[in-house]
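Shown next, in structure tokens, is the structure this report addresses.
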Amino acid sequence: MKILVTGGAGYIGSACTEYLLDKGYAVTVFDSLVTGHRDAVDKRAEFLEGDISNRELIINVLKKGGFDGIMHFAAYSLVGESMTNPGKYFQNNLGAGINLLDGAVEGKVKSFVFSSTCATYGEPTQIPIPENEKQSPISPYGESKLMFEKALKWYSSIFGLKYVALRYFNAAGASKNFGEDHNPETHLVPIVLKVALGKMKSIKIFGDDYPTPDGTCIRDYIHILDLAQAHELALHSPRSGHYNLGTGNGCSVKEIIEASRKITGHAIPAELVGRRPGDPPRLIGCSDLAKKELGWKPRFENAEAVVQSAWDWAKNNPEGYLS
Ligand code: UFG
């Protein structure tokens with residue numbers, strides 16, 4: 001099967017590309033390299049540098065490519081930035097994504113897998129969060145992903161495009177060759193590991209007055225290789241659908257820091273600062289549906305194993321990607 005991976009030079013897209021290639025798929029990575037890295041593109045993949053906002057280009061690629069499936073990762077993904085620059089999020093994550101959908105229809109692509117997020121739920125009323133929880137995003141980032149989920153539904157009912165939207169919880173960890181390297185980095189695990197590598201003095205804890213046992217926010221850290229497995233399964237799903245991808249286990253900010261101290265042997269000094277706007281206290285996913293309907297079997301169920309794999313990659317790549 002031939003798969004187009006948009007955003008295949010990014011954090012999750014690069015690991016999924018590697019996973020697909022290991023399984024014998026032919027993969028073309030389409031990435032603008034605005035946030036991705038050329039060195040994060042698996043050498044076995046075909047690489048096309050381009051932006052999905054270039055309508056003519058992406059439609060041509062899909063019309064001529066003979067792709068069986070698309071995995072769509074290309075997106076901006078910083079909640080905080082989306083609160084100050086919402087247009088960037090709607091324009092790229094929704095508007096440019098429509099070019100890809102039109103290309104998928106013109107290219108007669110049989111299966112579309114979309115990288116969605118638990119940020120589409122906003123502040124959930126149930127923990128762990130099931131897929132039927134009300135989707136009420138509290139940021140333009142979450143809203144842009146929800147809007148694209150809605151567009152998918154229309155393309156499915158009008159053109160018969162089969163799709164699966166995967167709502168990830170907190171993606172973390174690394175494969176042997178590919179890991180997390182954002183610029184600027186805002187995510188907890190890579191920042192904690194930067195402190196362990198001596199690249200930062202301390203980790204800032206954003207608030208310890210949340211209604212959680214130790215007062216810090218709880219998240220569900222899901223390994224990127226488990227996300228990759230779900231993407232492959234979703235490609236073959238006989239019907240369209242929406243699935244959460246999380247472990248069902250929550251881990252607080254303080255617990256992540258403590259686990260990282262044990263794993264790295266570094267003291268990892270922490271500094272308590274105020275809350276970061278827009279952070280819900282607890283986000284834990286119920287992924288029973290993905291297990292039942294897609295046959296998903298996540299391999300990493302505790303955050304320590306996830307941090308360990310992120311650490312293995314960070315130690316081998318202390319400067320991140322060179323390109
Ligand atoms: N945190 C700190 N200090 C830091 C960084 C993070 O205390 O330096 C805390 C945050 O306040 C939060 C937790 O660590 O409580 C995790 O924060 P991340 O930034 O790593 O991830 P988020 O929970 O903010 O992730 C959210 C959504 C994802 C979405 C992602 C996009 O849960 O679905 O934002 O950036 F994809």
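Just so you know, ligand 1 is whichever comes first in the structure, and atom 1 is the first atom listed for that ligand. FYI, the numbering just counts along the sequence from 1.
Set against the non-hydrogen atoms of C118, the atoms of ligand 1 under 4.0 Å away are 32 (O), 33 (O). Residue contact check: I191 has heavy atoms under 4.0 Å from atoms 8 (O) of ligand 1. Applying the 4.0 Å criterion to heavy atoms of I205 picks out, from ligand 1, the atoms 7 (O). Residue-ligand proximity, T186 to ligand 1, at heavy-atom distances under 4.0 Å covers atoms 5 (C), 19 (O).
The nearest heavy-atom contact from the protein to atom 31 (C) of ligand 1 is S77 O, 2.8 Å. The protein heavy-atom contact nearest to atom 23 (O) of ligand 1 is R219 NE, 2.6 Å. K204 O, 2.7 Å is the protein heavy atom nearest to atom 3 (N) of ligand 1. For atom 15 (O) of ligand 1, the nearest protein heavy atom (residue, atom name, distance) is C217 CB, 3.0 Å. Of the protein's non-hydrogen atoms, the one nearest atom 17 (O) of ligand 1 is R276 NH2, 3.4 Å. Of all protein heavy atoms, the one lying nearest to atom 30 (C) of ligand 1 is H187 NE2, 4.1 Å. Scanning all protein heavy atoms for the shortest distance to atom 4 (C) of ligand 1 gives F206 CE1, 3.3 Å. At the top of the distance list for atom 9 (C) of ligand 1, counting protein heavy atoms only, stands V253 CG2, 3.7 Å.
Across every non-hydrogen atom of I205 and K254, the tightest pair is CD1-CG, 4.3 Å.
The closest side-chain heavy-atom distance from Y76 to N93 is below 4.5 Å. Contact of the V27 side chain with the D42 side chain is not registered, since no non-hydrogen atoms from C-beta on lie closer than 4.5 Å. No side-chain heavy atom of Q91 sits less than 4.5 Å from a side-chain heavy atom of S53.
Residue contacts with ligand 1: Y221 is placed with no nitrogen or oxygen under 3.5 Å of a nitrogen or oxygen of the ligand (distance criterion only). For ligand 1, none of its N or O atoms has an N or O atom of Y141 under 3.5 Å away.
Taking the centre of each ring, F148 and H72 come in below the 6.0 Å mark. The ring of Y155 has its center no closer than 6.0 angstrom to the ring center of Y163.
In the hydrophobic clustering of this structure, I218 does not group with I256; members are Ile, Leu, Val, Met, Phe, Trp, Tyr whose side-chain heavy atoms approach within less than 4.5 Å, directly or through other members.
By the side-chain hydrogen bond (donor to acceptor under 3.5 Å, both in side chains) test, S116 is found to be paired with E149, residues two or more places apart in sequence or in another chain being considered.
We find that K194 and D181 are not joined by a salt bridge, their nearest charged nitrogen and carboxylate oxygen being 4.0 Å or further apart.
Proximity of N170 to ligand 1, defined as any heavy-atom pair under 4.0 Å, is confined to the side chain (atoms from C-beta onward).
Proximity annotation for atom 8 (O) of ligand 1: of L188, I203, V195, I203 comes nearest, heavy atoms only. Nearest to atom 34 (O) of ligand 1 by heavy-atom distance, out of T117, V79, I218, is V79.
Under the ring pair (Phe, Tyr, Trp, His ring centres under 6.0 Å) criterion, the residue pairs touching residues 183-211 are H182-H187, with sequence neighbours excluded.
Under the 4.0 angstrom criterion for non-hydrogen atoms, Y76 is not in contact with ligand 1.
No side-chain donor-acceptor contact under 3.5 Å links N85 to the backbone of E81.
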